[in-house]
Amino acid sequence: MTDPRRRPAEPAPERPAPRAGGIAARASAAAAPTPDYLNGLNPEQREAVETLDGPLLVLAGAGTGKTRVLTARVAHILSQGRAYPSQILVVTFTNKAAREMKERIHAMVGDQVEGMPWLGTFHSIGVRILRRHHELVGLKSGFTILDTDDQIRLLKQLLAAENIDEKRWPARLLASTIDGWKNRGLSPKDVPPGEGAVFANGRGGTLYAAYQARLKALNAVDFGDLLLEGIRLFRENPDVLAEYHKRFKYLLVDEYQDTNVAQYLWLRLLAQGSKNVCCVGDDDQSIYGWRGAEVDNILRFESDFPGARVIRLERNYRSTGHILASAAHLIAHNEGRLGKTLFSEGEDGEQVTVTGAWDSGEEARAVGEEIEALQRAGHKLSEIAILVRASFQMREFEDRFVTLGLPYRVIGGPRFYERAEIRDALAYLRCVNSSADDLAFERIVNVPKRGIGDATVKQIHDVARAAGLPLQEATRVLTESEELKPKVRGTLRGLVEAFGRWREQARVMSHTELAEIVLDESGYTEMWQKDRSAEAAGRLENLKELVRSMEPFENLSGFLEHISLVMDTDNGAGEDAVQVMTLHSAKGLEFDTVFLPGWEEGLFPHQRALDEQGKAGLEEERRLAYVGITRARASARIFVASNRRIHGMWNSTVPSRFLDELPDAHVRVEESRGGAGWGGSGYGGGSYGQSRFDRAEPFAASSYSTPGWQRAQSNRGRTDSGPSRGGFSERGGRYDAGGSARRGPMVIEGTLVATSTGAASAFNTGERVFHIKFGYGEVTGIDGNKLTVQFDKAGEKRVLETFVEKA
DNA sequence: GACTCACTGATTTTT
DNA sequence: TCAGTGAGTC
């Protein structure tokens, strides 16, 4: 993240430092030069940094410098000698936030940050504590942490054992139910009987208890347990808790509005010691209620921590006046907030725009054109973001950008460690690391396909249960008997022997080498090499990345221990590409220009939020809108489509109520080029009869008269054949309907067929090609620069020649 | 045990 | 519309 308003690196020059130890130095201690880390803080920020004693709640609105306050506070505690680095607990929600915090503290205090073992996520600190006291919560050392996938498989087994129809009561549902209980700090015995009865005709509570028992038997915990077991540890062992009370002199919590009950309880137990707990958050940015976050935690802070001070940060350093005013006016429609009034001393800037489009396709085209205009005007693509409510919206933009040849990057989506190939690879390594890791063994026993089916797996299970052995052992026993068919027996024996061999090799070679050998010899790499689908290449690349990511670790178990908690990769960061992501994953980020498409009733606010959570749901959606708008520094552009395809059916839509909640004075309504917009298309939403969006303003007010566009026009001659993207792809996309407002020469895609050489296509029919999106295929037809390709997986498609390469 | 076809359901996502 | 899943067939 970049902060353009970073404090000056140099201390104020006009104050010479007093001679060390001199009388003057001591005498002027109170009026000592402002330490570096305090420079440039506004009075409220400074107060938040310097109020060290007792509970403190910092209500930090969007863009008010909350991370800066947190980091400066750590620096202040250290420089005042109030605590050693190891006596400060700093908790964040994500690994990314923890990493950034660490970097920023490092920038202030240097290597002292290395002595801060207690800076991390709730979960990573939770594990740390559990590992130290595992025996007190009934775990053996080296317990494993299950991810969601493992959890589901375990629950499926339980459901099957209980003869519960998985069709009616899916394991997924049970997993999220249990998760919900854990988020609320409820262990099986605490679940209210009525609630436990909801699942599977009254067996929910029992299943939860059985699940916990299975976890213990496997010497495993899930994510929820990392906190829940911690709470139990503290409650049942006051001496252990006292030890942590003594240790943690200061506690700092980031994004407090996102804490759930379990995290709150955990924190409160720890905070009872020094009482120097500082929570930073913004109730207006609480958007994770659906996964257990309790806004109440922040609303109740003062009563939970008696004597608490509350400091509000309301001076916004990020956005221009119009953007800020729009966001503030919108969020003011929420009740039940602590209330902050953001203000900025910067310029008013550009108004927030609302643009109507005929349908989602036109919406994507309009956004694409605006981005191209911005790009020509010299804006960096990485400073442009598209923030959507739901991920299905991304597709249309991706398609468009591929057509335009516009570099983009999707943020979020399945995370690295969630990818099947990574989990498979990890499962192999887990099996090597511990022969008792049954879930891992089960995962890979038939990956790649070895002809080991359900029946065989069941046999192994039976032996394991009867003899009380882990699956790997049971398999070995089974292969020594006559029970299996010779072929299966041979396969399994080979596998068990391989694990034995790898375990031997683990002693003599580095863990990265070992990983490569395991993936090779198991046939796993080969499996993907043979796969001809579009993703295969990426998956192999991911496997390489996995091995690379092992390097910094000392050994295999060290790597595996951290992997389940910290496994996000910053792949491709830094390249200049448009950022596409959901509103949720945009929290905490900022961009010069933010596009906010899909502001329609049902999508945003999302129908499901309204149906399931009613008013609370609506308010959370509104906070999401607030988060979206406040991501923008200079330009926020909202889009509405009057028609959108939902589940394959075209529906006409009603503009979002949030649009009517924006302040007139700060918003400019535009019409999408093409004139097809939805203005006056019979919208009767809202209780005011006519919405102001029914009177779209004349085109003169369009975004293309903005300074950016004017600059773009004057630059056009130079940039049209610009350096960024070659050839016709840039124009190739601009063939959409309605050329009335088209800038530059209108180019119909077909006229681009003859490229400069005038030569025929570089491809021949029958040739094998690879397409970034559709994978491998065979050319079946050529029409100028367009190829008809029969893709192995995606079927027949017409694609531009530039997007395929020879396979 | 592997492959194919029909069915279902479809926000947001971290650890 | 479409992807992911489970039952049914070879």
Side-chain angles (χ1 to χ4, degrees), chain A residues 91-98 120-127 145-152 156 165-167 170-173 176 179 182-183 221-228 255 258-260 262-263 286-293 360 387-396 411-415 417-418 420 446 448-458 485 487-488 491 562-568 581-588 598 602-613 617 620-621 623-625 627-628 644-651 793-795:
Chain A
V91 218
T92 63
F93 271 82
T94 63
N95 291 305
K96 188 164 161 246
T121 62
F122 275 100
H123 293 86
S124 67
I125 291 170
V127 198
I145 301 161
L146 302 194
D147 56 36
T148 323
D149 230 48
D150 293 327
Q151 252 183 73
I152 304 265
K156 275 194 178 158
D165 182 12
E166 228 243 278
K167 273 269 177 62
R172 262 180 197 291
L173 179 64
S176 62
D179 226 43
K182 290 190 173 178
N183 283 341
V221 292
D222 64 18
F223 283 118
D225 287 337
L226 296 179
L227 292 163
L228 210 52
E255 305 277 18
D258 287 340
T259 49
N260 60 37
Q263 287 157 339
S286 165
I287 54 174
Y288 285 110
W290 50 273
R291 79 182 183 207
S360 46
L387 310 183
V388 298
R389 177 60 184 74
S391 40
F392 75 82
Q393 292 173 262
M394 292 179 182
R395 234 190 94 166
E396 204 114 29
I411 314 285
R415 274 161 300 290
Y417 66 92
E418 267 176 18
N446 197 32
K449 300 234 186 319
R450 306 187 164 88
I452 313 292
D454 292 347
T456 314
V457 172
K458 189 169 177 304
K485 289 197 194 102
K487 201 174 152 213
V488 175
T491 311
H562 287 264
I563 202 72
S564 39
L565 292 173
V566 195
M567 190 67 209
D568 46 356
M581 67 188 92
T582 64
L583 285 158
H584 282 89
S585 41
K587 198 176 69 156
L603 176 59
F604 193 36
H606 201 281
Q607 194 57 45
R608 229 162 128 168
L610 303 179
D611 291 347
E612 288 168 15
Q613 305 287 327
E620 184 152 312
E621 295 285 301
R623 290 194 289 269
L624 205 45
V627 167
R644 191 174 292 278
R645 199 161 40 179
I646 301 162
H647 309 330
M649 298 250 289
W650 282 99
N651 291 71
K793 296 267 158 111

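For the numbers below, each heavy atom of this structure counts, side chains included, while hydrogens, waters and symmetry mates do not. The sequence lines fix the lettering, A, B, ..., with proteins before strands; numbering per chain opens at 1.
You'll find that the side chain of Tyr288(A) is closest to dT13(B), out of dT15(B), dT13(B), dT11(B). Nearest nucleotide to the side chain of Ala455(A), out of dA2(B), dG1(B), dA7(C): dG1(B). With dA3(C), dT11(B), dA7(C) as the choices, the nucleotide that has an atom nearest any side-chain atom of Ala390(A) turns out to be dT11(B).
Using a 4.0 Å heavy-atom distance criterion, Gly648(A) is classed as a base contact. If you check every strand for non-hydrogen atoms under 4.0 Å, Asp222(A) touches nothing. Within 4.0 Å of Ala609(A), counting heavy atoms only, lies at least one base atom of the nucleic acid. Using a 4.0 Å heavy-atom distance criterion, Thr456(A) is classed as a sugar-phosphate-only contact.
Where Ile411(A) and Val457(A) meet DNA chain B, the nucleotide closest to each residue was compared, and Val457(A) sits on the side nearer the 5' end. Take the nearest nucleotide of DNA chain B for Glu621(A) and for Asp179(A): the residue whose nucleotide is more 5' is Glu621(A).
Between His123(A) and Phe223(A), the angle of the ring planes goes over 60°, which puts this pair in the perpendicular group of the 30/60° scheme.
Rounded to whole angstrom, the span from the CG atom of Asp225(A) across to the C1' atom of dT15(B) amounts to 12 Å. Rounded to whole angstrom, the span from the CD atom of Glu396(A) across to the P atom of dC2(C) amounts to 12 Å. Put simply, CD on Glu166(A) is 6 Å from P on dG6(C), counting in whole angstrom units. Spacing between atom CE of Met649(A) and atom P of dG9(B) amounts to 17 Å, rounded to whole angstrom units. At whole-Å resolution of the value, CG in Leu146(A) and C1' in dT15(B) are 13 Å apart.
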Would you please test His606(A) and Trp290(A) for ring-ring contact (aromatic ring centres under 6.0 Å, His included) and show each step? CA-CA 13 Å; His606(A) 201 281; Trp290(A) 50 273; over 10 Å; no

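Within a 6.0 Å radius of CG in Asp454(A), no more than 12 heavy atoms belonging to other residues, nucleotides or ligands are found.
Distance check on atom C1': dA3(C) versus dT14(B) gives 24 Å, rounded to whole Å. Only the P atoms considered, dG4(C) is 14 Å distant from dT11(B), to the nearest whole Å.
The aromatic ring of His647(A) does not stack onto the base of dG9(B), failing the criterion of a centre distance under 5.5 Å from the six-membered base ring together with planes under 30° apart. Residue-nucleotide stacking is present for Trp290(A) and dT12(B), judged by a side-chain ring centre under 5.5 Å from the six-membered base ring centre and planes under 30° apart. Stacking here means ring centres nearer than 5.5 Å and ring planes tilted less than 30 degrees, and by that measure His123(A) does not stack onto dT15(B).
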